[in-house]
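One structure is given here, and the rest of the page talks about it.
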Amino acid sequence: MIREELSRAVADALDALVASGRLPGVDYGVPEISDTRSPEHGDFACNIALTAAKKAGMNPRALGEALVAELSKAAHLTIEIAGPGFLNFRVDPAYLAGFVPRILAAGDRVACTEPDRQLRINVEYVSVNPNGPITVGSGRGAAFGSCLANVLEAAGHIVHREYYINDGINSEQMRLFAESVAALVEGREIPENGYKGDYVAAVAARIASASVPSQSYREASQALMLERQREDLANFGVEFDTWFSEQSLHDRGDVDRCIEELTSKGVADERPRRFMLKLAKGGKIEEVVVEDQVEEEDDGEALHPPTLSSREREEGEKGTLWLRSTKFGDDMDRVLRRRDGRLTYIASDVAYHRDKLTDGSGIRGNGPVDKMITILGPDHHGYIGRLTAVVAALLEDPEVPTKDEHPLDAIEAEIYASPHERDACRLALEEARRRLEVVIFQIVRFMKEGQPAPMRKRDGNIYALIDLVDELGKTMAPDADQEEQRRIGRDVARFFYLMRSHESHMDFDIDLATSEGEDNPVFYVQYAHARLSGVVDKAREAGIEVNAETDLSLLVHPRESTLIKMILDLPFEVRRCAEDYGVHRLTTYATELARAFHHFYDACRVVQTSEPDLSRARVTLCEAARVGLQAVLGLLGVSAPTRM
RNA sequence: GCGCCCGUAGCUCAGCGGAUAGAGCAACCGCCUUCUAAGCGGUCGGUCGUGGGUUCGAGUCCCGCCGGGCGCGCCA
């Protein structure tokens, strides 16, 4: 609110200078209003005189002087030129206090802003295989994804939260998982690379007691694991609009249809060769390596799982079907259909992304999306290229006219049939990069007793997210009931995950996180909210009500002004987070807002029966601060307790 | 070899090309007869890995190097 007003004032001043012929009429951009480092520099700063100096053909200080002369016509502003040409704004406290009613009027929409262009965005996150509980590693993606979805929504976009269930019948990993469960149920030894954790035994026990027929082990174990995942995520405060089944794409025939489409477009084929690109630094193609797929190289049984009968194998036997993803910037072609006829995960991905783009299944009821955001863990970053290629292959249109500006060079000639195909593929790739954004969050290393705790699903050495939540809750509130412990554990875990940038590696020291207990910043923020709730209640008991009509110009204490400025920053922070996905800044912001309140509370007594007008103004400010804190905690998915 | 990420206070990490680089923890010293002390005030702590470049201005952008994590062929 306030930054927009100041920015507009500066823009108007520039316009006035242009109109009176003192400046050349060029585009100076939107003036940015930034924070000041120290109070001596006022409340806000603007560097427009520095950035526009060159375009204006003036030195920065002279331009600054001219702007100040224009701007000083506004009564509520004092402006100075400092350093190389900064405009330092000092705003009148009463002017600042005038924003308080606007904060109260915005209520729970106080964090919201209008986007430059509203987008329909599909955010997919977590999406792990249903072969184990949600781990602490996935917890980071869950916290990040849910927070990002909240932020994008607050920034004015239409957001759809989605979980992709990897329940495809062709999945090697799920086959192995089912086999491990089956082995336990039937008292055999778990296969060598099988899954060995306690949770596998738990699934096996439930299957055994329900006397599930052996041919349904796979479905049953998958369903049980999925149920557990949903529960764990709900307990972590993570919900989805859609749980999208991979298998449903096969059942509807979507995968077959997409493969048909790609084949007829010529971006997928059965030629027995794979193209691989040798890339130099910077992604330039150095060499195209063509590998002929010789039948003798077939390393036999490994590709033919025992669950597939020899009859099925014979029937499925066709040539390998390749997605020529090298046409779309991927570093090697990908298999869509294996030699034994079974489709790969990538084949499902093709259909899945088609469905996301068009909502062909109608499951979301949203229609086509402008942007797909897919949040993946650090071990999946190699997936960016192939997913982008998948989307590009879907978007490629051989009929689209291109300019065919130059002939194929030697390297291009190995990949593309014609200049037209090359240009069409490039257009599709550019569009794919706009439509699909794969966001990788970096690894979380869990430290226990000073040692990194290894985590692998298969050997059973996993650390479940829900166990972390419970552990944190129990340590920090030993006397609370389980529901309360879960809430506390969830709040602490979410805040901790979100404190660091998703693109930074992060150490999660369990011992430290639990031992630091009361010093956790989440309590600092929540305590501010509880204090605020308490003081507003206290005031009401004394007959002092929150009232937006009251004389707020009494709020002239520097700590009052600082608090108001801080609340007004929320939509600005949200907007930034929505632009670069750096939602971790909201934890910093929440801490700063809490600090601004604690400082205010320390210096300014709110409830004073001898000062009814001031008390009313202050309690009204308190309510505004409470609304702001509640909003930011809501975005983080952390609770805002009224008592602690 | 190629790709992604990281290197900032003793530790964990923030830091929008902008002014004197910040927070929490750890260590030390103070403040509760007054609205919640899970709070407030203060002290200590830095060659921003390194060398160049761009810029009026670089922790931030570009290039090189050093160090670390992760990933990289019919698993996902």
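So that the names make sense, note that chain A is the first sequence line, chain B the second, and so on, each numbered from 1. If you're wondering where the values come from, they're calculated on a predicted model, not measured in any experiment. Atom set for the values below is all heavy atoms of this structure, side chains included, hydrogens, waters and symmetry mates excluded.
Note: A/Phe597 and A/Tyr601 meet the aromatic proximity criterion, with ring centroids under 6.0 Å apart. In summary, the aromatic rings of A/His598 and A/Tyr524 are positioned with their centroids under 6.0 Å apart. Taking the six-membered ring wherever Trp is involved, the centroid distance between the rings of A/Tyr163 and A/Tyr125 does not fall below 6.0 Å.
Close to B/C75, at under 4.0 Å from its OP1 or OP2, lies a side-chain N or O of A/Arg338. For A/Arg531, a side-chain nitrogen or oxygen approaches OP1 or OP2 of B/A37 to under 4.0 Å. Look at A/Ser348 and you won't find any side-chain N or O under 4.0 angstrom from OP1 or OP2 of B/A76. A close approach under 4.0 Å does not occur between any side-chain nitrogen or oxygen of A/Tyr601 and OP1 or OP2 of B/A38.
The base of B/C5 does not come close enough to the side chain of A/Glu503 for any donor and acceptor atom to sit less than 3.5 Å apart.
Comparing atom distances between the A/Lys538 side chain and each of B/G64, B/A19, B/C35 picks out B/C35 as nearest. Taking the side chain of A/Arg274 as heavy atoms from C-beta on, and the options B/C13, B/G73, B/G18, the nearest nucleotide is B/G73. For A/His505, taking side-chain heavy atoms from C-beta onward, the closest of the listed nucleotides B/A38, B/C6, B/A19 is B/C6. Looking at the side chain of A/His598, the nearest of the listed nucleotides B/G18, B/G39, B/A76 is B/G39. Checking B/C72, B/C4, B/C35 against every side-chain atom of A/Met332, the shortest atom distance belongs to B/C72. Of the candidates B/A19, B/G15, B/U36, the closest approach to any side-chain atom of A/Arg585 belongs to B/G15. Comparing B/U20, B/C6, B/C74 by their closest approach to the side chain of A/Thr320 singles out B/C74.
Between the P atom of B/A23 and the NE2 atom of A/His599 lies a distance of 10 Å, rounded to the nearest Å. Residue A/Arg500 contributes atom CZ, which lies 12 Å from atom P of B/C25 at whole-angstrom precision. Between the CZ atom of A/Phe177 and the P atom of B/C75 there is a distance of 19 Å, given to the nearest Å. Atom pair A/Phe600:CZ and B/U36:C1' shows a separation of 15 Å (rounding to whole Å applied).
Among the heavy atoms of the strands lying under 4.0 Å from A/Leu279 are primed sugar atoms or P, OP1, OP2 only; no base atom is included. Base contact: A/Asn88 has a heavy atom under 4.0 Å from a base atom. Among the heavy atoms of the strands lying under 4.0 Å from A/Leu50 is at least one base atom, whether or not backbone atoms are also near. Backbone-only engagement by A/Arg595 is indicated by non-hydrogen atom pairs under 4.0 Å involving sugar-phosphate atoms exclusively. Within 4.0 Å of A/Met174, counting heavy atoms only, lies no atom of the nucleic acid at all. Among the protein residues, A/His41 comes within range of the nucleic acid bases, having at least one heavy atom under 4.0 Å from a base atom. Using a 4.0 Å heavy-atom distance criterion, A/Arg618 is classed as making no nucleic acid contact. The residue A/Ala528 sits apart from the nucleic acid: no heavy atom pair falls under 4.0 Å.
Nucleotide B/C32 is shown with a syn base, its glycosidic torsion being within 90° of 0.
For the 3.5 Å distance criterion, the side chains of A/Asn170 and A/Tyr345 fail to qualify, holding no donor opposite an acceptor. Looking at A/Glu124 and A/Ser127, their side chains do bring a donor and an acceptor atom within 3.5 Å of each other.
A/His502 pairs with exactly one of A/Tyr581, A/Phe144, A/Phe441 by the ring-ring contact (aromatic ring centres under 6.0 Å, His included) rule, that one being A/Phe144.
No salt bridge links A/Arg273 with A/Glu291; every basic N to acidic carboxylate O contact stays at or beyond 4.0 Å.
Comparing the C1' positions of B/A26 and B/C13 gives a spacing of 14 Å, expressed to the nearest Å. Nucleotides B/A23 and B/G15 are separated by 15 Å at their P atoms, to the nearest Å.
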